[in-house]
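Okay, so here's the structure we're looking at.
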There are 2 protein chains.
Amino acid sequence: MRSPTELAQVFRDKQLKLTPQRQLLFSLLHQNQSHPTAESLYEVASKQMPGISLRTIYQTLGELAEMGELQLVDVGIGATRFDPNIADHHHFVCESCQAIHDVDILSAPKMSLQSGEGFAVNEVGVVFRGHCNQCNHKQQFKSPGSQAKNKASK
Amino acid sequence: MRSPTELAQVFRDKQLKLTPQRQLLFSLLHQNQSHPTAESLYEVASKQMPGISLRTIYQTLGELAEMGELQLVDVGIGATRFDPNIADHHHFVCESCQAIHDVDILSAPKMSLQSGEGFAVNEVGVVFRGHCNQCNHKQQFKSPGSQAKNKASK
DNA sequence: TTTCTAATTTGCAACTGATGCTAACTAGCA
DNA sequence: TGCTAGTTAGCATCAGTTGCAAATTAGAAA
Ligand SMILES: [Mn+2]
Ligand SMILES: [Mn+2]
Ligand SMILES: [Zn+2]
Ligand SMILES: [Zn+2]
């Protein structure tokens with residue numbers, strides 16, 4: 001996603017208004033690597049702007065996504081996550097704490113369909129599931145046999 | 001997922017009852033490649049057993065999933081899909097008709113995390129999005145430039 | 001067969017995440 | 001300073017799913 005300043009320009013050019021709500025969200029999303037939900041953004045936004053509506057959060061996120069400034073990430077658990085990183089990349093989801101981390105496309109081989117019945121593929125999404133560092137450390141009480149299978153190394 | 005007969009044995013062994021509802025669902029799911037939703041199973045089940053409850057469908061699907069007989073597939077659009085194919089495989093989702101097709105793991109390179117910060121990966125899911133054969137054919141009215149980018153070949 | 005009861009089904013309430021609708025509000029221009 | 005198209009916020013509503021408890025029943029025991 002572009003910087004708040006650049007987005008401001010984009011919005012002006014499209015005769016969209018630069019409301020305080022939108023500006024706040026621009027700043028909350030810029031360089032945000034946490035893959036937040038609408039709800040979690042609502043919480044932090046509410047601190048800086050009490051009374052802001054969850055409806056407006058959804059509205060603005062939807063607009064940004066439609067403009068291609070945000071990527072929607074749905075990993076099948078709970079709410080949609082919003083990702084200002086619009087570069088081609090994949091995700092690791094921690095099954096314990098639900099945290100989502102970016103997985104650089106270089107780290108995973110480029111996927112392509114070798115066979116198939118003539119599917120026209122537009123995009124490929126890879127989701128790695130497992131346990132993050134923090135959660136693995138906290139889980140030392142579990143039986144050794146129940147550890148995750150593959151440990152990725154740098 | 002195992003055959004209805006095998007499942008019957010499993011259920012008996014666990015002193016779970018072999019109700020007509022369960023037996024019907026076993027048969028509806030066996031070798032079902034359509035990745036049905038609970039709702040769609042409810043519809044076909046209702047024809048053979050009018051009055052069956054949607055709640056029971058959810059209940060039974062949940063049990064089978066917990067027993068490892070079914071795989072839950074969530075591709076981020078609408079309802080959860082249920083997959084009796086529990087072999088390791090991936091999915092192609094048609095963005096037009098929402099159909100889901102199996103993508104054999106052999107067709108796509110085995111994924112693994114090369115870098116990362118010590119994530120312990122349990123499973124990898126790959127979702128290919130695009131347009132299926134049928135939908136591509138029906139979309140000949142669209143501008144040529146808007147075609148899908150990659151056409152998979154056998 | 002009949003009886004018994006733990007397992008199951010069912011209907012309905014409730015819940016989460018998200019969107020539709022619209023009256024009230026306001027950014028930004030004239 | 002006023003105007004107005006665009007925006008916000010509140011509330012209703014929706015889809016998908018789960019919680020709950022009363023009614024039903026599979027299957028073992030008598
Ligand atoms: Mn990301
Ligand atoms: Mn499948
Ligand atoms: Zn974690
Ligand atoms: Zn299709």
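Order of the sequence lines fixes the chain letters, A, B, ..., with proteins taken first and strands second; residue numbering starts at 1 for each chain. These numbers come from a predicted model, not from an experiment.
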For residues 56-67 of chain A, run the donor-acceptor check on the side chains, cut-off 3.5 Å, and write out each pair with its distance to 0.1 Å, sequence neighbours left out.
from	atom 1	to	atom 2	distance (Å)
A/T60	OG1	A/T56	O	2.9
A/E63	OE1	A/R22	NH2	3.2
A/E63	OE2	A/R22	NH2	3.2

Specify the closest pair of heavy atoms between [X] and [Y], including all atoms of both residues, with the distance to one decimal.
X	Y	answer
A/L18	A/Q23	O-OE1, 3.3 Å
A/L29	A/P36	CD2-CG, 4.4 Å
A/I105	A/D88	CB-O, 3.5 Å
B/D83	B/H35	OD2-NE2, 3.0 Å

For this session: In sequence, state the C-alpha distance, the side-chain angles, and the governing distance for A/H131 and B/F119, and then conclude on ring-ring contact (aromatic ring centres under 6.0 Å, His included).
Result: CA-CA 6 Å; A/H131 295 281; B/F119 300 140; over 10 Å; no
Is [Y] reachable from [X] through a run of hydrophobic residues whose side-chain heavy atoms are each under 4.5 Å from the next?
X	Y	value
A/L7	A/M49	yes
B/F128	A/V126	yes
B/L41	B/I52	yes

Problem set entry | Verdict with reasoning, A/V73 to A/T80, per side-chain contact (heavy atoms from CB on, under 4.5 Å) | CA-CA 6 Å; A/V73 179; A/T80 300; over 6 Å; no
For this session: Identify, with sequence neighbours excluded, every residue that meets side-chain contact (heavy atoms from CB on, under 4.5 Å) alongside B/Q48.
Result: B/L24, B/L28
For this session: On DNA chain D, check which nucleotide each of B/G78 and A/F11 is closest to and give me the residue with the more 5' one.
Result: A/F11
Exercise. Can you list the steps and then say if B/F82 with B/L72 is a side-chain contact (heavy atoms from CB on, under 4.5 Å)?
Worked result: CA-CA 5 Å; B/F82 295 87; B/L72 304 188; 3.2 Å; yes
Exercise. Which of residues 41-76 of chain A have a heavy atom under 4.0 Å from DNA chain D?
Worked result: A/G51, A/I52, A/S53, A/R55, A/T56, A/Q59
Problem set entry | Candidate pair A/M1 and A/Q71, rule side-chain contact (heavy atoms from CB on, under 4.5 Å), full reasoning | CA-CA 9 Å; A/M1 183 183 110; A/Q71 206 183 325; over 6 Å; no
For this session: Would you grab the first and last nucleotide of DNA chain D (5' to 3') that comes under 4.0 Å of any non-hydrogen atom in chain B?
Result: D/dG16 to D/dG27
For this session: Would you mind classifying the nucleic acid contact of A/T37 as base, sugar-phosphate or nothing, using non-hydrogen atoms under 4.0 angstrom?
Result: nothing
Exercise. Bend across the helix from C/dT1-D/dA30 to C/dA30-D/dT1, to 10°, with axes taken over 5 pairs at each end?
Worked result: 10°
For this session: Rounded off to whole Å, could you give me the NZ-to-C1' distance for the B/K14 and C/dT8 pair?
Result: 17 Å
List, with names and distances, any nitrogen or oxygen atoms from the protein found under 3.5 Å away from nitrogen or oxygen atoms belonging to nucleotides 27-30 of chain C.
from	atom 1	to	atom 2	distance (Å)
C/dA27	N3	A/K17	NZ	3.1
C/dG28	OP1	A/L18	N	2.9

